[in-house]
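Everything below concerns the one structure shown next.
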2 protein chains.
Amino acid sequence: MGSRLQESGYRLTQPRRAVIRALTEANDWLRPEEVLALARPYWRPLGLVTVYRTVSLLTELGYLKRVHLEERCVGYVRSDLVHGHHLLCRTCHQAVEFPGTEDLAPLVNRISQDTGFRVEHHLLELVGLCPSCQ
Amino acid sequence: MGSRLQESGYRLTQPRRAVIRALTEANDWLRPEEVLALARPYWRPLGLVTVYRTVSLLTELGYLKRVHLEERCVGYVRSDLVHGHHLLCRTCHQAVEFPGTEDLAPLVNRISQDTGFRVEHHLLELVGLCPSCQ
DNA sequence: CAGTTTATTGAAAATATTTTTCACTTAGGT
DNA sequence: ACCTAAGTGAAAAATATTTTCAATAAACTG
């Protein structure tokens, strides 16, 4: 993730390294505060502001995705974990990639045709309880 | 919407009437501030706090749904406009109900089986440009 | 490898959003 | 008409996010 940051013309700084390292280790979606807590061990002076800036940047570059939950609204997950669609555990925050949503394409196409919308992206989130939280 | 509020044991007050009237006239999703602006003509002293309380209540009772957009996070739409799933215009904020997502059921079932999750609800939002905004 | 430039940083302040508190008001049963 | 509890709005508090700015440090230059 870091090297590609540089390829895109951004500097690979200590604070960014720390954030990326934390995100690389997490297999969950994380709120900005949580990213800060996990990244601080790798770079003590890290500030929340920089976390916000870094996750925004990584989201723009496509390495992270925003997720939306009903109550507390915003979090981030590594794109490679969710690969387009999210399956989120309501209690333990685990984010699981789920396979096989090519099934969705015909639905989206049909809807485009019926409504005239140009559908640019879609957000499919399944929320529930993972096996161990049930 | 109002009469059913009463049936649920809540009082039908002037501020609530104003909010409901605004929502009834809107065919869009609205942010709390926007609800306030549209409802004030019907009840001048209306406060933003009451808008928050009223949309939360109406959401609990099922008359509204929360929607999530990428940038500014939360808005509300009348449930009858979205009937389960949203098709949102990125620029004009129009919310269109889209038909026929029974197709989604097999996908959800398969995912439950594959992952062991108990899927409690799902959120499918298509975001793009409506015909007139293209 | 020192010097320089400029992106990036963290703290503080500003802005935005949502919730809580509380004294006052009013809906709706009596 | 009265009573009473639910509901109200203003202000304050709590949260969340963005902006500003002087200081720092990547990484390019020679």
Side-chain angles (χ1 to χ4, degrees), chain A residues 1-23 29-61 63-64 66-76 93, chain B residues 1-23 29-61 63-76:
Chain A
M1 202 142 79
S3 56
R4 284 184 271 164
L5 242 193
Q6 282 182 307
E7 285 161 25
S8 309
Y10 298 94
R11 292 185 183 173
L12 187 48
T13 62
Q14 293 299 337
R16 283 177 179 163
R17 267 182 223 277
V19 168
I20 289 170
R21 195 165 159 194
L23 290 166
W29 60 268
L30 300 170
R31 318 194 58 247
E33 283 283 3
E34 296 171 319
V35 175
L36 178 65
L38 292 173
R40 271 230 163 109
Y42 303 130
W43 185 249
R44 290 317 167 104
L46 183 65
L48 185 56
V49 191
T50 298
V51 172
Y52 272 99
R53 286 189 282 228
T54 306
V55 294
S56 293
L57 178 60
L58 293 173
T59 303
E60 264 173 42
L61 295 176
Y63 303 126
L64 295 182
R66 283 174 142 239
V67 296
H68 302 267
L69 288 182
E70 277 309 311
E71 1 62 69
R72 295 252 142 264
C73 199
V74 177
Y76 295 86
H93 288 193
Chain B
M1 203 141 79
S3 55
R4 284 184 272 166
L5 242 193
Q6 283 182 305
E7 285 160 25
S8 309
Y10 297 94
R11 293 186 183 173
L12 187 48
T13 62
Q14 292 299 337
R16 284 177 178 164
R17 267 183 224 276
V19 168
I20 289 170
R21 196 166 160 192
L23 290 166
W29 60 270
L30 300 170
R31 319 195 57 248
E33 283 284 3
E34 296 169 319
V35 175
L36 179 65
L38 292 174
R40 269 228 164 110
Y42 303 131
W43 186 249
R44 290 316 167 106
L46 183 64
L48 184 57
V49 191
T50 298
V51 171
Y52 272 98
R53 288 189 281 229
T54 305
V55 294
S56 293
L57 178 60
L58 293 172
T59 303
E60 265 174 42
L61 295 176
Y63 302 126
L64 295 182
K65 280 198 192 298
R66 281 173 145 242
V67 296
H68 302 267
L69 287 184
E70 277 310 308
E71 359 66 67
R72 293 256 141 260
C73 199
V74 177
Y76 295 86

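Convention: sequence-line order gives letters A, B, ...; per-chain numbering from 1.
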(request) Can you tell me the distance, in whole Å, between the OH atom of B/Y76 and the C1' atom of C/dT18? (result) 9 Å
(message) Can you measure B/E7 atom CD to C/dG28 atom C1' for me and round it to whole angstrom units?
(response) 16 Å
(message) Starting the side chain at C-beta, find the nucleotide from C/dT17, D/dT18, C/dT18 nearest to A/Y52.
(response) D/dT18
(request) Take the protein atom CZ of A/R16 and the nucleotide atom C1' of D/dA25, then report the distance between them rounded to whole Å. (result) 12 Å
(message) Less than 4.5 Å apart, side chain to side chain, heavy atoms only: is that true for B/Y10 and B/L61?
(response) yes
(message) If I take atom OH in residue A/Y10 and atom P in nucleotide C/dT9, what distance separates them, rounded to the nearest angstrom?
(response) 12 Å
So which protein N/O to nucleotides 20-27 of chain C N/O distances come out below 3.5 Å?
unit_1: C/dA27; atom_1: N3; unit_2: B/R11; atom_2: NH1; d: 3.1

(request) Using atom types as modelled and distance alone, determine if a side-chain donor or acceptor of A/R16 lies under 3.5 Å from a backbone N or O of A/R11. (result) yes
(message) Using every non-hydrogen atom in the two residues, find where B/Y76 and B/P32 come nearest and quote the distance to one decimal.
(response) CE1-CG, 4.3 Å
(request) Check A/L46 against A/V51 and note the closest heavy-atom contact, atom names and distance. (result) CD2-CG2, 4.0 Å
(message) What verdict does the side chain to side chain contact (heavy atoms under 4.5 Å, CB included) test give for B/L5 and B/L57, after you've listed the backbone C-alpha separation in whole Å, the side-chain angles of each residue and the deciding distance to 0.1 Å?
(response) CA-CA 9 Å; B/L5 242 193; B/L57 178 60; 3.8 Å; yes
(request) Using atom CG of A/L5 as one end and atom P of D/dA27 as the other, report the distance to the nearest whole Å. (result) 10 Å
(request) Drop me the distance from A/Y63's OH to A/L23's CG, to the nearest 0.5 angstrom. (result) 13.0 Å
(request) Measure from CG on A/L48 to C1' on C/dA11 and round the result to the nearest Å. (result) 12 Å
(request) Could you say whether A/R40 or B/E33 is positioned toward the 5' end of DNA chain C, judged by the nucleotide with the nearest heavy atom to each? (result) A/R40
(message) OP1 or OP2 of C/dA16 versus the side-chain N and O atoms of B/R31: is any pair under 4.0 Å?
(response) no
